[in-house]
Amino acid sequence: MVPLSAMLLSCASAVADPLHAVCDQSRNCIDDGGLFASAPHKSMVGQLGLYGQFVGDWDVVTSAYTQDGGVRTKRGEWNFRWVLEGRAVQDMFIVPARGERIIGPSGEKQSCGTTLRIYDPQRDSWEITYVDPVYALVFRMTARFVDGEIVQTGVDHDGRTYRWVFFDIKPNSFRWRSEVLQNDGSTWRREQDFVATRKKVNAL
Amino acid sequence: MSTAFVDALVAPGRSSEISDDAAIYDFLIGEWNAEVVDHGSDGSIARSRAEIHFAWVLEGHAIQDLWISPPRAHRTQERAGPNRYGTTLRRYDAREGVWHITWINPARGVENHLVGRKVGNDIVQEGRDGAILMRWSFREITRNSFHWFGEASNDERKTWRLCTEFIAHRVPK
């Protein structure tokens with residue numbers, strides 16, 4: 001079994017080799033190529049590019065807009081990989097970034113979430129699932145490419161319609177915003193805005 | 001590609017925020033081999049093999065797994081059963097005392113959402129796919145083995161049809 005001390009290690013910690021601990025238990029564990037793929041599946045290259053373009057490591061600056069007009073900014077990391085024989089894209093969203101995280105209850109939301117995205121050829125859309133322990137629920141969205149933007153739409157636990165949008169997409173940068181549909185049924189209120197920049201080591 | 005993703009995704013163990021009682025999937029962490037039996041609705045049976053891997057992820061707040069059938073070493077061969085190369089994310093919901101489960105198998109375009117809980121000595125996961133109710137159960141659980149049943153009901157639990165079994169054994173370290 002994993003020793004108690006190891007259980008406290010996490011994204012927040014500066015573990016030299018966190019995988020090693022897991023691989024000790026599992027000779028052929030999740031990192032050894034079983035999950036990850038080096039390229040999109042050859043049968044789906046064209047369709048998978050929508051999210052495949054993000055594969056790599058990114059720095060992200062997040063801005064959250066409060067109801068009273070304030071803005072809160074944080075720095076984080078956002079990393080995308082091909083998974084499952086290159087038929088899906090999984091990402092990790094970590095805000096604040098590792099190394100800047102506070103261990104223990106800080107009273108502040110610290111995201112460490114992951115998203116799985118699979119393409120539905122029948123509907124020509126993407127099914128998105130976001131899991132983040134910060135939130136009690138799993139977020140499920142359907143995504144489409146509309147006028148140069150990737151629009152992911154879902155309904156939250158309280159019945160509110162929201163959309164998470166990738167926009168201003170360039171090879172080494174993109175922006176992202178989250179919006180909630182207001183009670184009038186037509187106005188969207190922006191809640192968050194991210195600016196992502198590809199890490200230099202992976203620059204094209 | 002850097003190791004940033006793996007380093008960030010995989011956690012060395014369970015978060016201290018998940019209690020021993022809630023940690024119903026703990027025993028699965030590690031590597032398993034399985035015999036797979038797929039039962040066709042016409043009574044036909046297809047037998048194949050699978051490799052299964054479980055790891056703690058997301059600071060130990062969630063578990064991600066891989067179910068690969070046929071196993072990677074045999075994926076070029078002709079398949080006896082359905083093609084599975086999928087992953088599950090399991091995340092504990094302390095408010096409801098249940099686990100939220102998302103299974104995706106892009107090899108067949110499948111995505112399912114279920115809720116898992118302990119029932120007696122078993123782990124029972126239920127979800128809906130249109131009019132079909134799915135029940136996926138871990139039964140006959142020992143330290144080094146389990147028997148997984150995938151069942152479906154189209155009459156709101158009155159009857160269940162057995163669709164798939166995984167008879168799994170832990171790979172010795």
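Each chain gets a letter, A, B and so on, in the order its sequence line appears, and its residues count up from 1.
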S.K.: When you check the gap from the basic side-chain N to the acidic O, do A/Arg144 and A/Glu149 get nearer than 4.0 Å?
M.R.: no
S.K.: Could you look at B/Val98 and say if it's the side chain, the backbone, both or neither that has a heavy atom under 4.5 Å from chain A?
M.R.: neither
S.K.: Pick whichever of A/Met44, A/Gln90, A/His41 has the most heavy-atom pairs under 4.5 Å with chain B.
M.R.: A/Gln90
S.K.: Give, as side chain, backbone, both or neither, the part of A/Thr129 having an atom under 4.5 angstrom from any heavy atom of chain B.
M.R.: side chain
S.K.: Hey, which of B/Pro106, B/Ala62, B/Ala107 has the most heavy atom pairs under 4.5 Å with chain A?
M.R.: B/Pro106
S.K.: What part of B/Ala94 is in contact with chain A, defined as an atom under 4.5 angstrom from a non-hydrogen atom: side chain, backbone, both or neither?
M.R.: neither
S.K.: Output yes when A/Glu127 and A/Arg140 qualify as a salt bridge under the 4.0 Å nitrogen-oxygen rule, no when they do not.
M.R.: no
S.K.: Return the OG to CG distance between B/Ser69 and B/Asn83, rounded to the nearest 0.5 Å.
M.R.: 8.0 Å
S.K.: Determine the option with the most heavy-atom pairs under 4.5 angstrom with chain B, choosing from A/Val83, A/Asp91, A/Leu84.
M.R.: A/Leu84
S.K.: If the plane angle is over 60° it's perpendicular, under 30° parallel, otherwise tilted; pick one for A/Phe54 and A/Trp58.
M.R.: perpendicular
S.K.: Measuring from A/Arg189:CZ to A/Glu179:CD, what's the distance to the nearest 0.5 Å?
M.R.: 10.5 Å
